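Written out below as structure tokens is the structure these notes cover.
If you're wondering where the values come from, they're calculated on a predicted model, not measured in any experiment. Computation of the quantities below employed the complete heavy-atom set of this structure, encompassing side-chain atoms and omitting hydrogens, waters and symmetry-equivalent molecules.
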Number of protein chains: 2
Amino acid sequence: MEDGIRQRTNGGGEIPVAGDERKETTADAISRGKPTRNATPTRARGLDRAVEIFQLLHVVRKPIPIGEIAKRLGAPRSTIYEIVNLFLAAGILEYSGKGAEVFFGRAIYLYANDYFATHAVVRLGEEEVRRLASLTDETCQLCMPVGNKYAVVSMQNSARLFRIGSDVGVLVPIPWTASGRFFVAHMTPAELEAFIPPEDFRLQDGRKIDPALFLAQAKSALADGICIIPGLVDEHATCVAAPITDHAGRCVACICFIVSAATSEQRMRELSAVLVESARKISASPG
Amino acid sequence: MEDGIRQRTNGGGEIPVAGDERKETTADAISRGKPTRNATPTRARGLDRAVEIFQLLHVVRKPIPIGEIAKRLGAPRSTIYEIVNLFLAAGILEYSGKGAEVFFGRAIYLYANDYFATHAVVRLGEEEVRRLASLTDETCQLCMPVGNKYAVVSMQNSARLFRIGSDVGVLVPIPWTASGRFFVAHMTPAELEAFIPPEDFRLQDGRKIDPALFLAQAKSALADGICIIPGLVDEHATCVAAPITDHAGRCVACICFIVSAATSEQRMRELSAVLVESARKISASPG
DNA sequence: CCCTGAGGTCCGGTATAGCAGACATGATGT
DNA sequence: ACATCATGTCTGCTATACCGGACCTCAGGG
């Protein structure tokens, strides 16, 4: 499934992935306003290619031929073969689908297991998502930031199902939902501008979000401990989110509901209370 | 492929991790009897370091400081910092635990989700493991090969719990269990010798397994469609496994019970029948 | 048949990524 | 106080990893 804003890559060197910033290497560099303007189309190194391959596989979400990877990345075939073969041997990628196609491998799966085991937030968060969804019969999600996007880590649809744009695991621009507000609430306007790719302020339906308004919403959401934003993912949907913080008080995840915009104020208050309670419970835990 | 004189770049310091063979790149190369001769301790490339980092994190199974990674890999600190920072920016690794420690990141988790979604075997296998464990009240596992080891992908302990040596995700030498038999049953003795590191034929209690006997057991297991081996993981445990095959008939996973060695023959037959049935059901599915 | 376009391998040259090691900093211990 | 150790950054030299491109095979399709 293509999600809207894809520009067909017409023989170019640009990766067709919706926003990514693999050029920035250190965490510090992200907040810096580094223009990333690199003049010469120069030789790339294997590690960068590797990351690009992972990101590409993630957005296509299905096995693709090795040659296709090279084509989409605008990279030399020989190089991609070399790298992919290395990862195949390590089990990080594996042949999948019809013969010549590759995808993520078992090793990745095991590594994710390790991640899961050490992260109480994810473990407990997924539990809470299931619990809240069955308790309230609303669509509930656990979201976490990934680079300059965020991802739905876990989702439970309500019985009276409501159309949801995003799938589990897909990277979504931060301005697109209420949850995103919490991930940037601590930033200055300059930091925000450096952090969010400009195109991410454009919603799926074409409307633009004003960065200043966005940041104001974020600050006020942080102060309130809850964020309610209507009409973002969908004209008829409202997003309610509460922040989950680590021991240092930084927002590391959000738990949220996607509800009908027609939901009564009374019920919104109830849902908010439930979210805040859940978020607090998870935040308290170590990890 | 007739010229054996190709000098595969075989450098790289030895990683102190129990067996790994990331140097062999193609599936074909695995069956070749390359002795992994290691020449000069030369400069390693970033991609190899990256794989080593992943494998190290996987075996320690908890966040560790970046400097510690360098030390354990015998790699220059500056290099490891560079690579780790790159992966931190991509969300593949992330700071975790106390400040300076790093571990697998959210991106890995999302990639694993993609893997899971495209692999019916894993999805259905995990279901079956839960079902069989509750049905029979025995410890049940789903196992898959990873490189020249195998991993427990999913495990459900029985109520009357029985001491199990391996944890989910840990890489285990193939000769150590009944399941392993199926992964190598198609090989010739020469292929087997090239594939399994010699030290893997030594069990935890020090006993050695004869490769010839091992292969004989494997062949007969394949013919029977079931494999019952007592006293491998533990003197008082017996391993029962059935193979799950892909559309081409190759064994891609095993589902197995770990039961007491005192289990009656009658019950072993019942358990075997259940396993075979489950394995057949999963094998039939596409993916 | 030949032509095209896949998948996959191999090779030599050169831009550059990795290495060694210095340096700054902040804990910790005695 | 000093000594020790760990984290993290930076720099210049040079071994080599990436690249371009040739090459082979196989599978259609006309």
Side-chain angles (χ1 to χ4, degrees), chain A residues 11 13 22-29 32 34 38-53 63-89 93 95-103, chain B residues 1-13 22-30 32 39-53 63-89 93 95-103:
Chain A
R22 64 206 169 284
K23 287 308 171 199
E24 295 288 15
T25 48
T26 67
D28 305 44
R32 288 285 316 127
K34 196 117 155 294
N38 217 337
T40 52
T42 179
R43 175 187 294 191
R45 80 171 159 182
L47 284 168
D48 289 325
R49 297 293 193 195
V51 172
E52 289 175 6
I53 291 171
I64 61 175
I66 302 179
E68 177 75 10
I69 295 175
K71 205 176 299 171
R72 294 241 213 162
L73 295 181
R77 270 180 347 116
S78 54
T79 302
I80 299 301
Y81 267 99
E82 164 96 23
I83 296 172
V84 168
N85 279 331
L86 182 76
F87 283 147
L88 286 172
L93 300 181
Y95 284 109
S96 185
K98 329 199 145 304
E101 304 182 328
V102 298
F103 201 53
Chain B
M1 56 178 74
E2 69 282 51
D3 60 348
I5 319 184
R6 184 102 321 104
Q7 193 65 319
R8 273 258 156 259
T9 68
N10 209 9
R22 67 211 166 281
K23 288 311 169 191
E24 294 290 14
T25 49
T26 66
D28 305 43
I30 283 181
R32 288 285 314 128
T40 51
T42 178
R43 176 185 294 190
R45 83 170 156 183
L47 283 167
D48 289 325
R49 296 295 192 195
V51 173
E52 288 174 7
I53 290 170
I64 61 175
I66 303 179
E68 177 76 11
I69 296 176
K71 204 177 300 172
R72 296 240 214 164
L73 295 180
R77 274 183 339 118
S78 54
T79 302
I80 299 301
Y81 266 97
E82 163 96 22
I83 296 171
V84 168
N85 279 330
L86 182 78
F87 282 147
L88 285 173
L93 301 181
Y95 283 110
S96 185
K98 329 199 147 301
E101 305 182 325
V102 298
F103 201 53

Of the listed dG18(C), dC18(D), dC19(C), the closest approach to the Pro76(B) side chain comes from dC19(C)
Less than 3.5 Å between a donor and an acceptor, one on the side chain of Ser78(A) and one on the base of dG20(D), is that the case here? yes
note: Glu68(A), atom CD; dG5(C), atom C1'; distance rounded to Å ~ 13 Å
dT9(C) P sits how many Å from Ile83(A) CD1, rounded? 15 Å
Short side-chain N/O contact to dT9(C) OP1/OP2 from Asn85(A), under 4.0 Å: yes
Who are the side chain to side chain donor-acceptor pair (under 3.5 Å) partners of Glu68(A), not counting sequence neighbours? Arg72(A)
Identify the heavy atoms of Gly46(A) and Ile83(A) that sit nearest to each other, and give their distance. O-CD1, 3.9 Å
What nucleotide among dC19(D), dA22(C), dG7(C) has an atom nearest to a side-chain atom of Arg77(B)? dA22(C)
I want to confirm an ordering. Mapping Leu47(A) and Ile66(B) to their closest nucleotides on DNA chain D, which one lands closer to the 5' end? Ile66(B)
Between dG7(C), dA6(D), dA6(C), which nucleotide has the shortest distance from any of its atoms to the side chain of Pro65(A)? dG7(C)
5'-most contact on DNA chain C: Gly46(A) or Ala100(A), nearest heavy atom basis? Ala100(A)
List in chain and number order the residues that pass side-chain contact (heavy atoms from CB on, under 4.5 Å) with Pro63(B), two or more places apart in sequence or in another chain; answer none if no residue qualifies. Thr118(A), Ser96(B), Glu101(B), Phe103(B)
Could you tell me how far apart Leu86(B) (CG) and dA17(C) (P) are, to the nearest whole angstrom? 11 Å
Can you figure out which of dC19(D), dC19(C), dT9(D) approaches the side chain of Arg49(A) most closely? dC19(D)
Taking atom P of dT9(C) as reference, at what distance in whole Å does atom CD1 of Ile80(A) sit? 14 Å
Nearest 0.5 Å, please: how far is CD1 in Ile69(B) from CG in Leu93(B)? 7.0 Å
Nearest-Å distance for atom pair CD/P, residues Glu82(B) and dA20(C): 15 Å
Side chain of Thr79(B): nearest nucleotide among dC19(C), dT7(D), dT9(C)? dC19(C)
Which heavy-atom pair separates Leu73(A) from Arg49(A) by the least distance, and what is that distance? O-NH1, 4.2 Å
Using the side-chain heavy atoms of Lys71(B), tell me which of these nucleotides is nearest: dA6(D), dG7(C), dC18(D). dA6(D)
Whether Arg45(A) contacts dC19(D) is assessed here as follows: a side-chain N or O lying under 4.0 Å from the phosphate OP1 or OP2. Is that the case? no
Tyr81(A) has a side chain; which of dC19(C), dT9(D), dG7(C) sits nearest to it? dG7(C)
Protein-nucleotide distance (Asp48(A), atom CG; dC18(D), atom C1'), rounded to Å: 12 Å
